[in-house]
Amino acid sequence: MGYGLTSKMLVNLVDSCVQAKDVAPGRAMWTLDGDRTVQTTVVDVAAVKARKAVEVVTDHMAFTASPDLLLATPDGWTHAADVLGRPPTPPSW
């Protein structure tokens, strides 16, 4: 398991924005369903110690993530460690 965010990364809940470490089961949050943003309910949260991290830099922000975090790219969903030099897929909303 390693598909995660860093504990301090901000996550958009429906009613607020919190650090990933503060997300709890039962909270409503925004997620992607294909290319649409929809509400979903958190059913479980897990934390693991990671020894590796990558920094992802876009035109709008930079964040640290697990190398296994899946990111949307023009070639489809790609692990963060494998997107070096690829342009991000712009949201369709």
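Residue numbers run from 1 in the order of the sequence given.
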Checklist entry - Residues in salt bridge (charged side-chain N to carboxylate O under 4.0 Å, His left out) with Asp44, at least two apart? => result none
Next on the checklist: Give me the atom names and distance for the closest heavy-atom approach of Val56 to Ala80.
Outcome noted: CG2-CB, 4.2 Å
Show me the donor-acceptor pairs within less than 3.5 Å that the side chains of residues 7-15 make with the rest of the protein, sequence neighbours left out.
from, atom 1, to, atom 2, distance (Å)
Asp15, OD1, Arg27, NH2, 3.0

Item to check | Side chains of Leu69 and Phe63 in contact at under 4.5 Å (non-hydrogen atoms) | outcome: yes
Checklist entry - Closest approach of Ala53 and Thr64, non-hydrogen atoms and distance? => result CB-CG2, 3.6 Å
Checklist entry - Do we see a donor-acceptor contact under 3.5 Å between the side chains of Thr40 and Thr31? => result no
Next on the checklist: Quick check: is Val42 connected to Trp30 through a chain of hydrophobic side chains (ILVMFWY, heavy atoms under 4.5 Å apart)?
Outcome noted: no
Checklist entry - Where is the tightest heavy-atom contact between Gln39 and Ala28, given as atom of each residue plus distance? => result OE1-CB, 4.4 Å
